[in-house]
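The structure under discussion appears below in the form of structure tokens.
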Amino acid sequence: METSSLFLFLLFLLWVNSTILYVLAFALFVAWSVWTSDMPLRRRIQMATWSPSREGNIYCKVSLDASKVVEWLKKQKEKGKEATITHVVGKAAANALAAAPSLNGRILFDKFIPFETVDISFLVVLDGGKQLAKTKVVQADKKSVFDIAADLRHKASKLRKGEDQNFKKSLGALQSLPTWAVRLLCHTVGWFSGCFGLDVPALGVEPYPFGTAIITSVGMMGIDEAYAPFTPFAHVPLLVLIGQIKDGIVIVDGKPEVRKKLKVTTTTDHRFLDGAQGGILIKTLKELFENPSLMDDKE
């Protein structure tokens with residue numbers, strides 16, 4: 001009888017302790033949710049995304065004479081064809097990825113797997129900077145600068161008008177979650193979609209949602225030069241950041257001249273890139289900026 005009573009008493013204590021743990025866990029969940037609830041969703045995503053860097057990245061900067069490209073874009077606009085420096089840099093990045101296939105891929109279980117197409121993403125600012133979205137251009141290396149510009153304008157317009165259903169689904173899934181849950185969801189879904197190529201329609205996530213490279217511009221903010229940090233759940237090896245076009249001195253035939261100068265910086269995952277691929281990227285950028293007529297070929 002005493003043994004039975006002791007056993008029942010121990011079970012009761014176990015039940016009480018388990019209940020207390022569940023209550024504490026729930027209270028912690030509620031407290032954490034309330035603690036982070038006053039932060040905008042974008043800030044919660046930022047907090048959930050990054051931790052101290054432990055991996056090897058390669059940072060590169062190239063200073064370009066943009067005078068010829070600026071003049072070429074003006075002439076094209078007179079013909080009714082509109083594009084910007086951002087689209088030109090995106091086109092150059094796509095061409096470079098096509099020329100350096102060992103950079104155009106993903107890593108899955110420590111193995112490099114190449115992509116069949118060259119897809120790149122552009123970041124789009126929404127709501128005056130309160131939100132940031134992406135739009136992906138598929139087979140960018142096979143499209144002209146103006147095809148890329150038209151594709152980006154169409155998709156960016158849908159985002160700004162609130163007509164992009166995938167973006168609305170993604171926001172809806174993250175809106176009410178605390179930071180730790182945003183972190184778990186973003187990294188889990190990002191790994192399955194970005195590495196395995198799985199489609200997650202319920203969350204508005206397509207296979208390989210960011211492609212191989214992310215292009216973003218800070219020139220409109222008056223910033224000449226900056227470097228973008230990797231977004232871990234994007235699973236891309238290349239980030240390209242475009243600065244502001246400014247007048248600068250360039251030596252031409254031994255004489256100083258005032259030209260339009262542009263700084264473009266890249267952040268690259270060292271697992272994908274070595275000097276050879278980096279050289280191809282810089283060479284492709286310089287070729288298009290020195291000979292913008294090369295972009296006429298596929299129009």
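Predicted model only: the values in this text are computed from it and were never measured. Residue indices begin at 1 and follow the sequence shown.
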Give the C-alpha distance, both sets of side-chain angles, the deciding distance and a yes or no for side chain to side chain contact (heavy atoms under 4.5 Å, CB included) between Val88 and Phe289.
-> CA-CA 9 Å; Val88 172; Phe289 273 77; 4.1 Å; yes
Does Val70 belong to the same Ile/Leu/Val/Met/Phe/Trp/Tyr cluster as Leu262, with side-chain heavy atoms less than 4.5 Å apart forming each link?
-> yes
Looking at Lys136 and Gly211, what are the two nearest heavy atoms and their distance?
-> CD-N, 3.8 Å
When clusters are formed by joining ILVMFWY residues with side-chain heavy atoms under 4.5 Å apart, either directly or through shared neighbours, do Val125 and Met220 land in the same one?
-> no
For Ser193, enumerate each residue passing the side-chain hydrogen bond (donor to acceptor under 3.5 Å, both in side chains) test, keeping only those at least two apart in sequence or located in another chain.
-> none
Leu288 and Val69, any side-chain heavy atoms less than 4.5 Å apart | no
Report the C-alpha distance between Lys143 and Val137 in whole Å, list the side-chain angles of each, state the deciding distance to 0.1 Å, and finish with yes or no for side chain to side chain contact (heavy atoms under 4.5 Å, CB included).
-> CA-CA 9 Å; Lys143 294 180 177 178; Val137 177; 4.0 Å; yes
What pair of heavy atoms forms the shortest contact from Ala83 to Val145, and how long is it?
-> CB-CG1, 3.6 Å
How long is the gap from OH on Tyr59 to CG on Leu241, to the nearest 0.5 Å?
-> 12.5 Å
Looking just at side-chain N and O atoms, do Thr84 and His87 make a donor-acceptor pair shorter than 3.5 Å?
-> yes
Full working for side chain to side chain contact (heavy atoms under 4.5 Å, CB included) between Ile58 and Thr267 = CA-CA 6 Å; Ile58 298 177; Thr267 305; over 6 Å; no
What's the shortest heavy-atom distance between Ile148 and Ala140, and which atoms?
-> CD1-O, 3.7 Å
Are Asp151 and Lys155 ion-paired here, with the side-chain N under 4.0 Å from a carboxylate O?
-> yes
Determine whether Ile107 and Phe115 fall in the same hydrophobic cluster, where Ile, Leu, Val, Met, Phe, Trp and Tyr are linked whenever their side-chain heavy atoms lie under 4.5 Å apart.
-> no
With sequence neighbours excluded, what pairs up with Glu82 under the side chain to side chain contact (heavy atoms under 4.5 Å, CB included) test?
-> Lys77, Arg153
Roughly how far, to the nearest 0.5 Å, is the CD1 atom of Ile280 from the OG atom of Ser102?
-> 7.0 Å
How are the rings of Phe109 and Trp191 set to each other: parallel, tilted or perpendicular (split at 30° and 60°)?
-> perpendicular
Measuring from Arg183:CZ to Leu177:CG, what's the distance to the nearest 0.5 Å?
-> 12.5 Å
Below 4.0 angstrom, N of the basic side chain to O of the carboxylate: do Glu225 and Lys61 qualify?
-> yes
Indicate if Phe192 and Val205 have the same hydrophobic cluster label, given that clusters are the connected sets of ILVMFWY residues with side-chain heavy-atom separations under 4.5 angstrom.
-> no
Check Phe230 against Leu238 and note the closest heavy-atom contact, atom names and distance.
-> CE2-N, 4.0 Å
Nearest atoms (heavy-atom pairs only) where Leu285 meets Ala92 | CD2-CB, 3.6 Å
Flag the pair Glu163 and Lys161 as a salt bridge only when some basic side-chain nitrogen lies within less than 4.0 angstrom of an acidic carboxylate oxygen.
-> no
Could you list the residues that satisfy side chain to side chain contact (heavy atoms under 4.5 Å, CB included) with Asp247, not counting sequence neighbours?
-> Val258, Lys260
Can you tell me if Thr212 and Asn104 form a side-chain donor-acceptor pair at under 3.5 Å?
-> yes
Under the 3.5 angstrom rule, does the side chain of Lys91 hit a backbone N or O of Thr86 as a donor-acceptor pair?
-> no
Under the side chain to side chain contact (heavy atoms under 4.5 Å, CB included) test, which residues partner Lys283, sequence neighbours left out?
-> Glu287
Looking at Lys246, Lys261, Lys263, which one forms a salt bridge (Lys or Arg N to Asp or Glu O under 4.0 Å) with Asp224?
-> Lys246
About how many Å separate NZ of Lys134 and CG of Asn166, when rounded to the nearest 0.5 Å?
-> 7.5 Å
Between Ile214 and Ala234, the two heavy atoms sitting closest are CD1-CB, 4.1 Å
For Arg106, all residues meeting side-chain hydrogen bond (donor to acceptor under 3.5 Å, both in side chains), sequence neighbours excluded | Tyr208
Single-linkage hydrophobic cluster, 4.5 Å side-chain cutoff, Phe112 and Val118 together | yes
Can you measure from CG (Leu171) to CG (Leu203) and round to the nearest 0.5 angstrom?
-> 11.5 Å
Answer whether the closest heavy-atom distance between the side chains of Met295 and Ser144 falls below 4.5 Å.
-> no
When you look at NZ of Lys68, are more than 12 heavy atoms from neighbouring residues, nucleotides or ligands closer to it than 6.0 Å?
-> no
Sub-4.5 Å side-chain heavy-atom contact between Thr216 and Ile242 | no
Got a donor-acceptor contact below 3.5 angstrom from the Asp164 side chain to the Phe167 backbone?
-> yes
After noting the C-alpha distance and the side-chain angles of Thr268 and Leu103, does the key distance pass the side chain to side chain contact (heavy atoms under 4.5 Å, CB included) rule?
-> CA-CA 9 Å; Thr268 314; Leu103 185 58; 4.2 Å; yes
Compare all side-chain heavy atoms of Leu174 with those of Cys186 and state whether any distance is below 4.5 angstrom.
-> yes
Sequence neighbours excluded, the answer for side chain to side chain contact (heavy atoms under 4.5 Å, CB included) partners of Lys79 is Gln76
Would you mind reporting whether Leu132 and Leu126 have side-chain heavy atoms less than 4.5 Å apart?
-> no
Just checking, any donor-acceptor pair under 3.5 angstrom between side chains of Asp119 and Thr117?
-> yes
Separation between CG (Asn57) and CG (Leu239), nearest 0.5 Å, reads 8.5 Å
Between Asp65 and Arg259, is the closest basic N to carboxylate O distance under 4.0 Å?
-> yes
